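Everything on this sheet refers to the single structure shown next.
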Amino acid sequence: MENKKEFKPFIPADKVVPEFTLVSLILGIILAVVFGAANAYLGLRVGMTVSASIPAAVISMGLIRFILRRDNILENNMVQTIGSAGESLAAGAIFTLPALFMWAEESEAVSAPSFLEISAIAVCGGLLGVLFMVPLRTALIVEEHGVLPFPEGTACAEVLLAGESGGDKSKVVFSGLGLSALYKFIADGLCLFPSEVAWEVKPLRAGFGADVLPALAGVGYICGKKISSYMFAGGVLGWFVMIPLISLFGGESIIAPGAKPISSLGASGIWGSYIRYIGAGAVAAGGIISLVKSLPTIVKTFSKAVKGFGHKDETELRTNKDLPLPFVMGGALVIALVIWLLPSVPVSLIGALIIVIFGFFFATVSSRMVGLVGSSNNPVSGMAIATLLIATALLKATGMTGYAGMASSICIGTVICIVAAMAGDTSQDLKTGYIVGATPMRQQIGELIGAIAAALAIGGVMYLLNAAWGYGTQQLPAPQATLMKLVVEGVMGGTLPWGLVFCGIFIAVVIEVLGLPVLPIAIGLYLPIYLSVPIFIGGIIRWFFERKKEGRSEEESKGIIDRGVLYSSGLIAGEGLIGILLAVFAVIPMGKGSMADLIKLDTPLGNIGGVVFFLLLLASIVYFSVHTKKVKGR
């Protein structure tokens with residue numbers, strides 16, 4: 001284990017190198033908006049987002065080092081610090097705020113939140129998340145260096161340190177981005193083949209299929225076999241065990257919350273009427289179990305941060321400087337006042353202060369969790385559900401019911417959700433900076449700027465996607481936001497089918513007793529199996545490379561996996577960006593329809609075409625993972 005006093009960053013603490021430059025600021029803001037939009041689309045489609053730090057670092061190197069001819073690792077680090085903030089803020093926003101749009105769609109008496117309201121809520125959550133991580137940096141990043149791995153932060157530092165090979169790595173990311181963009185345009189723009197292929201399994205009265213899209217395969221490759229197989233197992237439990245059982249025993253019965261005979265619903269109808277409530281219970285229980293298990297380390301980290309913050313390092317080294325404590329505390333208090341004054345969050349000043357206190361608690365949870373298991377496994381949704389349960393119950397008890405109470409609960413949950421996501425991202429970025437020798441205070445300022453830029457953009461992105469397809473639809477199921485909506489409605493109106501929810505809760509308990517990770521299995525149970533299948537396939541491809549090491553050195557095997565991760569990051573970014581472009585086409589009027597309708601071909605290739613194209617896409621992952629090694633070996 002490394003001792004913090006012995007650790008020497010790549011750029012020495014006594015060496016001053018330009019970090020916060022105009023180039024890094026502009027590129028960082030652009031990437032924050034781009035990755036925020038791409039991850040918003042991905043999260044609304046599959047219910048999860050991916051870390052943008054590594055692709056942002058690689059793209060930064062490609063642009064700064066090889067196009068602008070600037071050789072400065074700290075400048076590159078600043079770009080990825082600002083750029084990755086967009087992904088985290090988007091994750092917190094899209095997990096909750098679409099519920100407000102869905103309520104507006106369901107009732108003419110309810111209006112959708114304005115652009116200014118969305119941006120204000122996102123800015124408050126984003127700034128609080130960054131500020132709350134500041135007093136935790138010394139305790140988590142410095143004192144536990146060598147103890148907490150911070151997977152994404154460490155990996156991002158390795159990418160930055162591999163400066164000489166940055167050109168090859170950036171080509172891999174851009175190759176994935178370009179191919180994914182073309183594939184997405186052909187599938188969902190031209191509609192040459194369906195992006196979702198499905199078949200009925202009549203003997204079991206079940207359904208099976210897959211969304212044959214690049215981002216899902218990329219998510220599976222990045223997550224790996226273990227996590228993707230857990231998600232697939234949850235899907236199999238729902239679609240090949242529970243749906244057939246409900247179908248077999250339900251028959252012609254009409255059982256609440258369903259409104260039609262079970263025999264007429266089909267697999268997707270049974271999932272929507274029954275299984276997703278069971279999945280909601282499992283996800284909620286999984287999030288709470290994760291929080292309870294981490295409580296001892298949370299208390300320890302919190303107490304250490306409070307005791308240690310404010311003690312100046314006598315050496316006054318550049319790498320020890322954080323934002324001043326008065327600025328952090330003053331900023332948090334100002335944001336509490338803004339939350340109190342926001343008409344979309346009708347709470348008292350004391351309520352706003354409680355939000356700030358809960359936010360710091362969950363920021364501590366998030367920072368510690370990502371240090372242990374990485375951002376991809378951070379139970380942000382579990383924290384949001386816990387917040388919504390408490391906030392909705394308190395608002396109902398104080399007489400704030402109906403839409404006003406539910407909207408207030410969602411807005412409070414949004415702030416907490418964004419705080420948790422931003423704190424996790426900030427801790428990863430500060431870990432990267434600690435390794436390469438960045439100035440923490442400048443990184444923290446960069447995170448604040450990235451959060452503001454992404455917050456101002458997320459409102460427009462959400463309005464665009466809602467206008468194009470609508471939330472809760474097949475194109476944008478918004479699974480996490482739908483879950484939050486169900487939780488709030490159930491607590492506020494007493495309409496939640498608690499029997500199904502408790503079935504999910506006890507399924508989560510069984511999974512925990514078996515020693516298996518609850519959240520990925522619960523998410524697989526909650527999501528349609530069409531999403532789990534391609535994710536599982538992507539994980540299997542990575543597992544194949546991890547197992548097949550004959551004739552390769554350890555370095556070569558690691559290089560193949562790393563290139564696959566970079567290519568997969570490009571696949572996710574490419575699909576997300578074209579998804580936004582297609583949303584623009586969908587709202588541009590052309591004749592009797594839209595521009596999107598004008599270019600559609602109505603899937604002439606059918607399911608077979610979708611399968612063939614998806615197999616070619618999978619082959620491209622294999623090719624780009626291995627091919628670069630051969631080129632370098634010439």
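Because only heavy atoms are used, hydrogens play no part in the values below, and waters and symmetry mates are left out as well, while side chains stay in. Sequential numbering from 1 along the given sequence is applied to the chain's residues. Fair warning: this is a prediction, and the values are worked out from it, not measured in the lab.
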#### Entry: For Met422 against Gly129, the heavy-atom pair lying closest together
CB-CA, 4.0 Å
### Message
Donor-acceptor pair, distance only, cut-off 3.5 Å: does the side chain of Ser24 make one with the backbone of Phe20?
### Response
no
### Message
So which atom in Ile410 and which in Thr96 form the shortest heavy-atom distance, rounded to 0.1 Å?
### Response
CG2-O, 3.7 Å
### Task
Would you confirm whether Ser409, through its side chain, and Gly405, through its main-chain N or O, come within 3.5 Å as a donor-acceptor pair?
yes
### Query
Is Met133 close to Ile141 at the side-chain level, that is, under 4.5 Å between some pair of heavy atoms?
yes
### Task
Locate the shortest heavy-atom distance separating Gly424 from Ser427; write the atom from each residue and the value.
O-OG, 2.7 Å
### Task
Could you tell me whether the side chain of Tyr434 and the main chain of Arg137 form a donor-acceptor pair under 3.5 Å?
no
### Worked verdict on Leu464 versus Tyr41 for side chain to side chain contact (heavy atoms under 4.5 Å, CB included)
CA-CA 11 Å; Leu464 174 63; Tyr41 174 80; over 6 Å; no
### Query
Is there side-chain contact between Leu31 and Ile82, with at least one heavy-atom pair below 4.5 Å?
no
### Message
Can you tell me how far apart CD1 (Ile561) and CD1 (Ile222) are? Round to the nearest 0.5 Å.
### Response
12.0 Å
### Query
About how many Å separate CG of Leu97 and CD1 of Ile458, when rounded to the nearest 0.5 Å?
8.5 Å
### Task
Indicate yes or no: at least one non-hydrogen side-chain atom of Val328 is less than 4.5 angstrom from one of Gln444.
no
### Task
Might you work through the side chain to side chain contact (heavy atoms under 4.5 Å, CB included) test for Val436 and Ile11, ending with a clear yes or no?
CA-CA 6 Å; Val436 302; Ile11 300 294; 5.8 Å; no
#### Entry: Side chains of Val415 and Ile121 in contact at under 4.5 Å (non-hydrogen atoms)
yes
### Message
For Phe327, is the CZ atom crowded, meaning more than 12 foreign heavy atoms sit under 6.0 Å from it?
### Response
no
### Query
Are Asp425 and Ser84 close enough that a side-chain donor and a side-chain acceptor fall under 3.5 Å?
yes
### Query
Are side-chain heavy atoms of Leu131 and Ile335 found at a separation under 4.5 Å?
yes
### Message
Contact between Asn72 and Thr21 at the side-chain level, heavy atoms closer than 4.5 Å - yes or no?
### Response
no
### Query
At their closest point, which heavy atom of Cys411 faces which heavy atom of Leu100, and how far apart are they?
SG-CD1, 4.2 Å
### Task
Step by step, work out the side chain to side chain contact (heavy atoms under 4.5 Å, CB included) result for Val356 and Phe132.
CA-CA 9 Å; Val356 171; Phe132 287 159; 3.5 Å; yes
### Task
May I ask you to decide if Val491's main-chain N or O and Lys396's side chain share a donor-acceptor pair within less than 3.5 Å?
yes
### Task
Would you give the length of the straight line joining atom CD1 of Ile355 to atom SG of Cys124, rounded to the nearest 0.5 angstrom?
9.5 Å
### Query
Atom CG in Asn320, atom OG1 in Thr138: separation rounded to 0.5 Å?
7.5 Å
### Message
Can you see whether Asp429 engages Gln443 through a side-chain donor-acceptor pair at a distance of less than 3.5 angstrom?
### Response
no
### Query
Of the non-hydrogen atoms in Ala457 and Val33, which two are nearest, and what is the gap between them?
CB-CG1, 3.9 Å
### Query
Just by modelled atom types, is the Arg442 backbone N or O under 3.5 Å from a matching donor or acceptor in the Glu19 side chain?
no
### Query
Counting only N and O atoms by type, is there a donor-acceptor contact under 3.5 Å from the side chain of Ser228 to the main-chain atoms of Tyr221?
no
### Task
Measure the spacing between CD1 of Ile416 and CD1 of Ile412 and express it to the nearest 0.5 Å.
8.5 Å
### Query
Taking atom CE of Met400 and atom OG1 of Thr392, what is their separation to the nearest 0.5 Å?
11.5 Å
### Query
Going through the checks in order, is the side chain to side chain contact (heavy atoms under 4.5 Å, CB included) test met by Thr414 and Phe95?
CA-CA 8 Å; Thr414 300; Phe95 281 180; over 6 Å; no
### Message
Is there a side-chain contact between Leu465 and Ile94 in this structure, where contact means two heavy atoms from C-beta onward sitting under 4.5 Å apart?
### Response
no
### Message
Quick check: do Met441 and Leu323 have side-chain heavy atoms less than 4.5 Å from each other?
### Response
yes
### Summary
Thr319 and Ala438 have their tightest heavy-atom pair at CG2-O, 3.7 Å
